[in-house]
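So that the names make sense, note that chain A is the first sequence line, chain B the second, and so on, each numbered from 1. Small disclaimer: the values here were computed from a predicted structure and weren't measured. All values below were derived from every heavy atom in this structure, side-chain atoms included, with hydrogens, water molecules and symmetry-related copies excluded.
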Amino acid sequence: MLRLYNTLSKRLEPFTPLQADQVSMYACGPTVHDYAHIGNFRTFMFVDLLRRYLKFKGYKIRHVMNITDIDDKTIRKSQEQGIPLKEYTELYTRYFLEDLTTLGAELPEHIVPATENIPEMIDLIKRLEANGHTYVSEGSVYYRIASFAEYGKLSGAKLAGNVAGARVDVDEYDKEDARDFVLWKAAKEGEPFWETPYGRGRPGWHLECSAMAMKYLGESFDIHCGGVDLIFPHHENEIAQSEGATGRQFVRFWLHCEHLLVEGQKMSKSLGNYYTLRDLLKLGFSASAIRLLLLSVPYRKQLNFTLETLRGMETRVKKLSDFRRRLKGAPTVDSADTELLLAIAEARKAFEDALDEDLNTSAALAAVADFETSINRALAQGSLSLECKERALRLLSEFDAVFGVLALQSDETESLDEEILRLIEERTAAKAAKNYARADEIRRYLFERGIILEDTKTGVRWRRV
RNA sequence: GGCGGUGUAGCCAAGUGGUAAGGCCGAGGUCUGCAAAACCUCUAUUCGGCGGUUCGAAUCCGCCCGCCGCCUCCA
């Protein structure tokens with residue numbers, strides 16, 4: 001039974017979807033003003049793991065992600081660079097989706113830019129207006145949070161006014177209450193705008209998620225996730241907008257991913273610890289190691305990202321990949337091995353139990369490692385039965401259906417060129433003739449060309465460095 | 001000022017009352033002509049500090065110290 005921590009109830013709750021076999025989920029996507037950084041990708045990898053695990057549990061998924069392509073940053077940066085807004089945001093949307101794909105994320109069923117759903121947003125404002133939740137000030141439409149009794153139920157934010165010490169948004173003098181938020185922003189000179197019954201303007205940030213989530217998933221749906229920083233005010237405001245319009249529960253499970261730190265510090269450009277995916281790839285790290293690192297710590301814990309750990313993950317991925325290769329090519333014996341069959345079954349149970357408990361990926365990966373050792377032991381003894389081999393391969397692919405790490409590694413069915421094949425044969429012959437000097441010379445030569453030879457009981461094997 | 005999280009070996013970390021998972025690094029060994037890979041063994045008497053509760057605490061309580069976050073755009 002899968003249990004998930006619901007920010008709304010602040011408790012672990014057994015997860016069941018509204019529809020027996022299908023999960024509806026919405027995940028807040030990026031604001032496409034720049035390349036996303038690895039902190040962003042931690043959250044997106046968490047969402048990917050969630051959807052993959054829900055599939056593992058047998059559910060079909062209907063998953064929506066928004067693309068915020070109209071806001072202060074996208075407008076400002078596109079203007080600074082003299083590029084039309086749409087062109088600018090389409091470029092960074094493309095980069096973002098490329099990065100997601102590089103990291104092996106399954107793409108959501110619906111990826112929707114905010115600007116393609118303006119009519120839905122206007123309709124939502126109309127419903128809120130009809131229910132008395134809005135007011136107009138200086139050409140903008142605001143949400144009056146005092147009109148929504150349950151405001152604060154997600155974040156625990158109190159309705160009381162500003163507390164001494166809190167930073168105050170000096171720009172918002174035109175609101176009735178400092179915490180009211182804008183639904184529709186009156187157009188400023190030189191900014192993109194839409195013609196609406198509320199005048200020329202553009203949508204407030206929070207509006208798009210409510211409008212688009214309900215458009216694609218209905219007024220009530222199962223899961224909404226994002227980073228912890230979105231709990232307040234973004235998700236709190238989404239609840240106010242959605243439930244204020246429909247009178248129904250908007251989201252059943254709110255899931256929030258903790259932030260990642262780099263070398264124990266908050267990632268920031270001034271500290272020089274700010275990495276995009278592309279920065280790390282340029283440093284020579286693989287997408288699979290980055291993905292594994294981002295998934296290696298349970299999503300509700302802060303993850304301390306270090307390059308040392310990433311190097312370790314690189315080794316880990318190589319070992320796993322090599323393990324798969326050896327397992328696939330392993331010869332089998334006739335005898336049954338009930339003990340190993342039991343170990344395989346236990347590994348699968350440990351894996352599922354770990355993920356059932358609010359997606360404890362650390363514990364799940366420990367189960368994978370234990371499984372790997374059990375099989376390697378049998379492999380080393382040459383005592384793997386056909387049944388064990390088949391079950392082990394099946395389990396390995398189940399593990400990877402969730403973690404998606406090996407899927408990013410080539411299965412290396414590539415072939416070598418003839419000269420190298422000839423050299424390998426020559427070395428085998430030299431070795432048989434006990435001409436070790438020549439054999440080692442060839443091995444060194446191939447190593448310098450990135451090919452490692454391994455002598456095994458069943459003959460020589462090669463692999464890339 | 002309000003609210004919240006967290007501190008476990010060189011590094012990343014699981015573990016929320018029953019006597020410290022796992023990974024990476026490191027040391028030794030087995031196998032090998034030598035390697036590589038794999039396997040085996042070792043690597044925190046101890047969980048930020050000090051008190052307390054308990055038969056028993058990394059796990060509960062109190063105080064102190066450190067780090068991170070939300071209250072403003074933010075994954």
Between [N] and [M], how far is it from one [atom1] atom to the other, in whole Å?
| N | M | atom1 | value |
| --- | --- | --- | --- |
| B:rG7 | B:rA58 | C1' | 11 Å |
| B:rC68 | B:rC31 | C1' | 48 Å |
| B:rC64 | B:rC73 | P | 33 Å |
| B:rG48 | B:rA57 | P | 15 Å |
| B:rA14 | B:rU53 | P | 30 Å |
| B:rU59 | B:rA27 | P | 35 Å |
| B:rG15 | B:rU8 | C1' | 9 Å |
| B:rC47 | B:rA37 | P | 36 Å |

Task: Within-4.5 Å side-chain heavy-atom neighbours: A:Asp72 and A:Arg202 - done: yes
At less than 3.5 Å, do the side-chain atoms of [X] and the base atoms of [N] form a donor-acceptor pair?
| X | N | answer |
| --- | --- | --- |
| A:Ser362 | B:rA14 | no |
| A:Asp440 | B:rG33 | yes |
| A:Arg443 | B:rC34 | yes |
| A:Asp455 | B:rC34 | yes |

Which nucleotide in the set [options] lies at the smallest distance from any side-chain heavy atom of [X]?
| X | options | result |
| --- | --- | --- |
| A:Asp322 | B:rA37, B:rG33, B:rA36 | B:rA37 |
| A:Leu260 | B:rA36, B:rC39, B:rA75 | B:rA75 |
| A:Gln265 | B:rC70, B:rC68, B:rA14 | B:rC68 |
| A:Asn360 | B:rG15, B:rA37, B:rC12 | B:rG15 |
| A:Lys431 | B:rC34, B:rA75, B:rG22 | B:rC34 |
| A:Pro233 | B:rA75, B:rC73, B:rC24 | B:rC73 |
| A:Ala366 | B:rA75, B:rG22, B:rC71 | B:rG22 |

Task: Structure string for RNA chain B in dot-bracket form, Watson-Crick and G-U at under 3.5 Å, | interchain - done: (((((((..(((.....[...))).(((((.......))))).....(((((..]....))))))))))))....
Task: Evaluation steps, side-chain contact (heavy atoms from CB on, under 4.5 Å), between A:Leu54 and A:Phe15 - done: CA-CA 10 Å; A:Leu54 288 167; A:Phe15 175 75; 3.8 Å; yes
Task: Position toward the 5' end of RNA chain B (nearest nucleotide), A:Pro30 or A:Ala439 - done: A:Ala439
How close or far is atom [atom2] of [N] from atom [atom1] of [X], stated in whole angstroms?
| X | N | atom1 | atom2 | result |
| --- | --- | --- | --- | --- |
| A:Arg427 | B:rG33 | CZ | C1' | 10 Å |
| A:Asn273 | B:rC67 | CG | P | 16 Å |
| A:Arg316 | B:rC12 | CZ | P | 18 Å |
| A:Glu448 | B:rA35 | CD | P | 19 Å |
| A:Glu263 | B:rA13 | CD | P | 11 Å |
| A:Gln302 | B:rC11 | CD | P | 18 Å |
| A:Leu303 | B:rU8 | CG | C1' | 16 Å |
| A:Leu307 | B:rC11 | CG | P | 15 Å |

What I want to find out is whether [X] reaches [Y] closely enough, with some N-O distance under 4.0 Å, to be called a salt bridge.
| X | Y | answer |
| --- | --- | --- |
| A:Glu80 | A:Lys77 | no |
| A:Asp322 | A:Lys318 | no |
| A:Glu448 | A:Arg444 | no |
| A:Glu454 | A:Arg461 | yes |
| A:Asp34 | A:Lys269 | yes |

Open item on the list: Stacking between A:His259 and B:rA75, defined as ring centres under 5.5 angstrom apart with planes under 30°, is that present or not?
Closed with: yes
Does [N] have OP1 or OP2 under 4.0 Å away from a side-chain N or O of [X]?
| X | N | answer |
| --- | --- | --- |
| A:Asn376 | B:rC39 | yes |
| A:Lys266 | B:rG69 | yes |
| A:Lys301 | B:rU8 | no |

- [ ] Remember a base hit wins even if backbone is also touched, and classify A:Phe232 as base, sugar-phosphate or nothing at under 4.0 Å, heavy atoms.
- [x] sugar-phosphate
Task: Expected output: side-chain A:Glu236 to main-chain A:Leu154 donor-acceptor under 3.5 Å - done: yes
TODO: For residues A:Phe351 and A:Phe371, establish whether the separation of their ring centroids is below 6.0 Å.
DONE: no
Task: Result of checking A:Val317, A:Thr361, A:Leu408 against A:Leu292 for side-chain contact (heavy atoms from CB on, under 4.5 Å) - done: A:Val317
Open item on the list: Can you tell me which residue among A:Arg291, A:Arg278, A:Arg94 is in a salt bridge (Lys or Arg N to Asp or Glu O under 4.0 Å) with A:Asp99?
Closed with: A:Arg278
Tabulate atom names and distances for all N/O pairs under 3.5 angstrom spanning the protein and nucleotides 40-43 of chain B.
from	atom 1	to	atom 2	distance (Å)
B:rC40	OP1	A:Arg377	NE	3.0
B:rC40	OP1	A:Arg377	NH2	2.6

Open item on the list: Is the terminal nitrogen or CZ of A:Arg42 (NZ for Lys, CZ for Arg) located under 6.0 angstrom from the six-membered ring centre of A:Phe46 and within 45° of that ring's axis?
Closed with: no
